[in-house]
Structure formats: structure tokens, C-alpha cells
Protein chains: 2
Amino acid sequence: MHRMDMLTVARRAKVSTATVSRVLSGSRPVTAEVAARVRAAIEELNYTPNSHARSLRSGKSNLFGLLVSDVRNPFFPDAIEHFESLATAQGIDVIFSNTGYSPERLMSGLRRLLDRGVDGIAVLTSEVSDELVHTLRNVKVPVVFLNQPAVQGNFPIVRVDYERGYREAMEHLSMLGHKDIGFVSGPNTLFSAMRRKEVFLQVAKDCGFSTRDEWMIEGDHRLGGGKIAAARFFTMRSAPTAILCSNDLTAIGFIHTANRLKRSIPQEMSVIGFDDIAMSEMVQPALTTLHLSRREIAAHAFFALQNGEDRSRKTKSMASTVLPQLVIRESTGVAPEKPRVAKER
Amino acid sequence: MHRMDMLTVARRAKVSTATVSRVLSGSRPVTAEVAARVRAAIEELNYTPNSHARSLRSGKSNLFGLLVSDVRNPFFPDAIEHFESLATAQGIDVIFSNTGYSPERLMSGLRRLLDRGVDGIAVLTSEVSDELVHTLRNVKVPVVFLNQPAVQGNFPIVRVDYERGYREAMEHLSMLGHKDIGFVSGPNTLFSAMRRKEVFLQVAKDCGFSTRDEWMIEGDHRLGGGKIAAARFFTMRSAPTAILCSNDLTAIGFIHTANRLKRSIPQEMSVIGFDDIAMSEMVQPALTTLHLSRREIAAHAFFALQNGEDRSRKTKSMASTVLPQLVIRESTGVAPEKPRVAKER
DNA sequence: TTCAAGCTGGTAATCGATTACATTCAAGGC
DNA sequence: GCCTTGAATGTAATCGATTACCAGCTTGAA
């Protein structure tokens with residue numbers, strides 16, 4: 001069954017291809033009767049327009065590119081799902097690409113999307129490089145970032161208000177009597193992870209927490225990092241009583257090895273995650289965490305791209321920010337009376 | 001910065017567009033010197049070919065479509081990651097679409113992919129309908145299914161050997177002294193879920209297990225289904241001592257409410273999952289499950305599509321099958337001495 | 001020397017839409 | 001009744017590659 005082309009349809013409807021195109025796009029009025037004939041022909045011949053031809057001529061592809069750091073981190077599938085669902089509702093398809101936290105893969109993914117002529121690119125990753133920003137600047141495709149510092153350029157950005165989130169978390173911990181706090185960060189190679197570390201330190205200070213260099217452990221945004229961090233924290237001579245993790249995956253990893261080590265959370269140590277993935281509720285103890293709405297993020301990103309399509313330089317880059325929200329479950333509790341530090345000679 | 005076209009490159013290199021095209025594709029030999037000139041021009045002008053034009057003329061899009069049931073089920077992201085990584089290594093981009101277990105969405109997703117002119121479609125879903133198969137039959141695009149019964153047509157299929165997996169699981173349970181077994185299935189609306197139910201019953205019989213209608217509970221392949229199933233099993237007058245779940249998500253949901261109900265697994269009941277997602281190791285008790293290699297599945301699917309591109313009708317549709325492998329963790333244990341059935345009057 | 005074969009490279013048709021511009025025809029103004 | 005105007009449709013250029021076909025130049029065998 002060969003694919004039909006517009007000429008065939010036109011002939012069948014006894015009109016020109018221009019007319020067929022017009023009834024399809026509604027770009028110009030067509031007599032009701034003629035339109036009906038065209039539609040009938042389309043129906044009968046089972047015609048669907050060739051998207052390559054269409055894109056070639058019109059310069060629009062109805063494709064968005066979606067770059068994410070790590071599909072395996074449950075945070076992303078949620079975002080992907082919402083993004084894709086918004087897109088298909090508008091007849092836009094999405095090309096997906098996973099970067100695995102690698103700037104090189106991000107860069108090559110980006111280039112592929114550019115070559116593919118997508119109409120917009122959502123960069124839901126943390127490993128943004130200067131080269132990438134530079135490339136993007138020389139290109140007219142709408143782009144939206146997740147959570148990159150403003151420095152980068154004049155791009156729309158979906159911001160997560162980490163400061164506010166951390167503050168909420170720490171106030172909760174304060175109320176429970178905690179004074180010392182540790183942090184399991186993302187990879188130090190990621191600019192955004194470093195930023196969050198700074199924010200953490202700032203907020204901790206503001207809230208009157210003690211922090212220490214050795215309580216700042218580098219993770220990897222995955223389970224593994226949390227596991228290793230837990231092992232370290234539980235063998236420290238003097239450990240904090242509360243830990244904030246850069247995301248739920250590392251918090252869950254943390255809890256897992258705490259369990260394995262027979263250390264009880266939250267009795268010995270409280271831990272808080274970030275994201276609120278489905279598994280956080282399943283793990284034992286259930287994770288107290290900062291919920292981050294993937295729906296909101298996806299929606300902001302999507303609409304930024306859609307609006308960006310009318311690339312008027314005047315449009316001030318709207319930075320929509322989304323607020324994390326503390327969900328208190330079982331991994332946080334009152335600070336232990338006698339901190340382990342007592343053991344020190 | 002305008003995008004360059006081939007003509008500009010050709011002029012700069014003092015050759016024709018045909019020659020440029022040739023050095024790019026290597027479709028025909030070109031003198032080393034000329035090729036060098038062309039490459040230089042490409043470099044200097046920063047030229048990249050317009051993919052729409054290319055696809056239009058050549059009829060190949062270098063795009064694969066990937067349809068999955070549920071990105072939020074961690075099984076899929078793993079598969080997606082491998083698939084995408086194989087694809088990009090070959091210069092193929094992948095359009096992603098989530099069906100949410102809905103045949104309608106699958107169908108519309110498929111149609112979008114077809115209209116988009118993709119070079120291959122991987123259907124990693126369970127909700128395949130007759131309409132879909134029919135549509136696919138009338139089309140020349142290579143397609144590969146995950147795990148659909150052969151009846152469907154002459155398509156390549158990546159099969160999971162459920163029978164073997166179930167057998168392995170049940171032998172394990174047998175050794176632990178279990179005699180009664182229950183099953184939490186996928187949605188009854190899915191043909192493939194029904195099939196697996198049959199396989200389960202068959203294998204259970206072969207292994208000498210008792211089954212009952214009321215021990216066959218319909219789930220939804222998500223956490224929720226497992227939770228509900230657990231609630232039911234734990235309030236039954238007479239419950240089995242072992243449960244097989246259609247996937248890890250439902251098994252984890254099951255364990256979660258078991259914990260909430262203060263029922264201990266595996267002391268009171270053993271549960272086995274399917275897939276072996278990352279979280280299965282994290283949950284408490286850690287889940288005994290059948291590991292299913294996403295890497296294998298993705299690879300089989302991908303290569304089926306790639307080979308399918310030379311659509312010789314002669315190529316007998318290779319059905320590659322992948323074997324689940326039992327991973328014993330903590331959610332299975334010896335059958336309780338005195339089954340709850342003793343409570344019956 | 002001559003001619004066929006083999007390389008390289010160019011010319012132009014082509015893929016299937018969109019769209020600028022031309023045309024037709026009817027209605028309405030004077 | 002004639003000319004302007006505008007709405008509906010058609011004609012053909014166009015998007016930017018690929019590729020069938022052709023032309024010229026070597027090379028080597030007869």
C-alpha cells in the first residue's frame with residue numbers, strides 16, 4: 001500500500017494541490033463544497049501528508065527535543081511523561097535523549113537535535129557547559145533550561161527554589177532539636193550541584209546549624225552515592241544528627257545502608273531527601289522529603305518552548321520558579337539526646 | 001547565523017552539490033584532493049545537512065519510534081536508555097511515546113510515528129489491539145513487539161519466557177515447603193496479562209501447587225494494584241502462603257501494605273516479583289524476584305528493527321527470547337507451619 | 001591509432017509539500 | 001453598462017538534499 005501524495009488527492013477531488021493544502025491547514029478560506037470534496041478524497045485515499053516535505057518547505061518540524069540527565073532517576077520519567085503528553089496534545093512529537101550526566105553526551109545530543117531541525121529543546125539536565133550555552137546562543141531555536149543559574153544567557157529557565165526548600169527542611173529539623181547537619185551533594189563536576197551546596201551552607205548558617213567540611217559528602221544523584229555516604233557518616237567519630245540529601249535516590253541509598261548497618265533512622269539520625277519519587281513512600285522508614293512537582297516543571301518547560309516560537313527578542317525571558325514542598329514522613333525524628341560526639345576523648 | 005546549504009558549500013569548494021553529497025555519503029568515490037576541499041568548506045562554513053530535505057529525497061529518516069506502556073514503571077526507563085544509546089550510536093534518533101496502558105493512545109502514537117515516516121517502531125507495550133496489528137500489516141515499516149503472542153502476524157518479537165521464569169520461581173517456593181500459591185496479575189483488559197495468568201496456572205499445576213480463583217487477583221502493573229491485593233490477601237479466611245506478582249511494582253506495593261498491616265514477610269507469606277528493578281533491592285524485606293535483562297530486550301528490539309530495514313519477505317521473523325533469572329532475596333522464606341486456614345471453623 | 005571501459009565530476013530531475021503570484025469570476029459602485 | 005474590488009482557485013517556484021543520467025578524460029587492449 002503506497003503512500004498517497006497530495007497530487008493524487010487533488011486530482012481525485014478535481015482541485016489543485018494548493019487547495020488541498022489550504023483545506024488541510026486552513027491557511028485560506030475554501031468553499032464549503034470544495035472543502036467537502038477534498039476531505040472526502042483524503043478520507044477515501046487514506047492520505048496523510050508527508051511530514052518531511054512539509055517540514056522542508058515550511059521550516060517547522062513539530063518536533064521538540066527533550067534532554068534529560070538520567071532516565072533511570074524516577075524523577076525524570078514523571079517529567080517526561082507530562083512533557084510528552086502536553087506535546088502530543090498539540091501534535092508535537094518529542095525526540096528523547098539521555099545524557100547520563102555527561103557534558104559530552106549532552107553536547108552531542110544537542111547537536112543532533114539541532115541538525116534534526118526541532119522547533120524547541122528542553123534541557124532537563126544539570127551538566128550544562130559553556131560550550132553548550134555558546135552553541136545555543138548562535139541558534140534561533142527556542143530552548144528552556146531546568147534550573148541553571150541566570151548567568152548563562154537570556155534563556156527561559158524553570159527554576160527550583162532550593163533555598164526555600166532547604167529552609168523548610170531545616171526549620172523542620174530545628175523544631176526536632178537538631179543542631180548539626182550534613183549534606184550529600186550531587187557530583188562536584190556539576191556546576192548546579194556545587195551551587196546547591198552553597199545554598200545549603202548558607203541556609204544552614206541562617207538557621208543556626210553547625211556544618212563541617214567532613215559532613216559535606218559528594219554523591220552522584222544515584223543510590224550508590226547515598227550508600228557510600230551513609231557508610232561514611234556512620235563510622236565518623238563525630239557525626240551530625242541530620243542529613244540532607246541532594247535527591248531521593250541518594251536518600252534512599254542512605255537509608256538502605258543504614259538499615260544494613262543496623263543503624264536506626266530516625267532515632268540515630270534523621271534524613272531528608274529531595275524530589276519525592278514514588279519509592280520514597282515505599283522504603284522503610286518512609287522518607288521525609290521535599291516534593292517537587294514534575295507536572296509543573298514539565299508544563300513550564302513546554303509552554304516556554306511554545307511561546308518561544310515567536311522569537312521576539314523583546315520577550316523578557318520568563319523565569320518561572322517552582323517551589324518544593326516538605327512532605328514529612330518517617331525518616332525524620334527528634335534529635336538523639338546524647339550525640340555520638342560524646343564518645344570523643 | 002543562517003544555516004548553510006549544500007550549494008553554498010559546493011560553491012566554496014568549487015564543485016557541484018552532487019560532489020558534496022558524495023563526499024558526505026561516500027556513495028561514490030571522489031578524488032582525495034577534491035574531497036579535502038569539500039571537507040574544508042564544510043568545516044569553514046559550519047555546514048550540517050538539512051535532515052528534512054535529506055529524508056524527503058531519500059525516503060529514510062534515521063528515526064526510530066519507541067512506544068512504551070508506562071515510563072513511570074522503572075522497568076521501561078532502563079529499556080529506553082539502552083535502546084536510545086544503541087540508536088544514537090548509529091546516528092538514529094528516537095521519538096518517544098508513552099501509552100499509559102491505553103490501546104487508544106498506543107494507536108494514535110503509532111499513527112503519529114507512521115506519519116512521521118520513522119524507519120522502525122519498537123512496541124514495548126502490552127496493550128496491542130487487532131486494529132493496531134491490522135494497520136501495521138499494511139505498512140512497510142519494520143516493527144518489533146515485546147512479548148506478544150505469535151498469533152498476531154509475522155512480526156519479529158522479543159519474547160520473555162514467562163513459563164520458565166514462573167517455573168524457576170515455583171521450584172524455589174516448593175523447596176521452601178509452600179503448597180498454596182496466589183497471583184497478582186496485570187489488568188484483565190490486557191491480552192498479554194491474561195496469557196501470563198494462564199501460564200501461571202499451568203506451571204502452578206505442573207509444580208503441584210494449589211491455586212484458587214480467589215487467589216488470582218487483578219492488579220494494574222503499578223504499586224496501587226499490589227497494595228490492594230495485599231489488603232485482600234491478608235483478610236482472606238484462607239490465604240495462600242506464597243504470592244507471585246506480575247511485576248516488581250506490584251510486589252513492592254504488596255510488601256508495603258503488608259508492612260503497614262504489620263504482617264511479616266516472608267514469615268507469614270512469601271512474595272516474588274518480576275523484573276528486578278532497582279528498588280526491589282531497597283525495599284524491606286528486599287524482594288525476591290525474576291530478573292529480566294533490559295539490555296537484552298533493548299538490544300534484540302533494536303537489531304530487529306535495524307535488520308528489518310532490508311525488508312526481504314524471506315527473512316523469517318526471528319523471535320528472540322530472553323530468559324528471566326531468579327534473584328533470591330528476603331521476601332521468600334520457608335512456608336509457615338500452620339497456615340492461616342487453621343482459623344477456619 | 002582507435003575505441004571501449006572505467007573514473008570523476010556536473011546537470012538537472014526529483015522527493016511532496018507550502019505559498020507567492022496570477023487568474024477568474026461575481027458583486028457592487030458610479 | 002463598465003470598471004474596480006475581492007474572494008476562491010490555480011500555476012509554478014521553492015525548500016535542500018539525493019541520484020539518474022550524461023560528459024569528458026584516462027587508460028589499455030587490439
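Heavy-atom basis, side chains included; hydrogens, waters and symmetry copies ignored. Per chain, numbering begins at 1; letters A, B, ... match sequence-line order. Since we're looking at a predicted model, the values are computed, not measured.
Put simply, CE on B/Met4 and OG1 on B/Thr48 are 10.5 Å apart, with the number rounded to the nearest 0.5 Å. Of the inter-residue distances, the one linking B/Leu113 atom CG with B/Ser97 atom OG reads 6.5 Å to the nearest 0.5 angstrom. Interatomic distance, CG of B/Leu67 versus CG of B/Leu124, reported as 8.5 Å (0.5 Å rounding).
The environment of B/Glu33 atom CD is sparse: at most 12 non-hydrogen atoms of other residues, nucleotides or ligands sit within 6.0 angstrom.
Taking the six-membered ring where tryptophan is involved, the planes of A/Phe96 and B/Phe96 are tilted, since the angle between them lies from 30° to 60°. Using a 30° and 60° split on the angle between ring planes, B/Phe155 and B/Phe145 fall in the perpendicular class, above 60°.
Mapping heavy-atom proximity under 4.0 Å, the span of DNA chain D touched by chain A runs 5' to 3' from D/dA8 to D/dG16.
Among B/His221, B/Arg105, B/Glu127, the single residue meeting the side-chain hydrogen bond (donor to acceptor under 3.5 Å, both in side chains) criterion with B/Ser69 is B/Glu127. Just one of B/Thr8, B/Leu7, B/Val15 meets the side chain to side chain contact (heavy atoms under 4.5 Å, CB included) condition when paired with B/Val20; it is B/Val15.
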Could you encode protein contacts along nucleotides 5-12 of chain C as a string, one character per nucleotide from 5' to 3', using B for base contact, S for sugar-phosphate-only contact and - for no contact, with a heavy-atom cut-off of under 4.0 Å? ---BBBBB

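Side-chain N/O atoms of A/Ser129 and A/Glu131 include no donor and acceptor closer than 3.5 Å.
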Let me check I have this right: for DNA chain D, each base becomes ., (, ), [, ] or |, based on Watson-Crick or G-U pairs with both distances under 3.5 Å. What is the full string? ||||||||||||||||||||||||||||||

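Using a cut-off of 4.0 Å between Lys/Arg side-chain N and Asp/Glu carboxylate O, B/Glu84 and A/Arg72 are scored as not salt-bridged.
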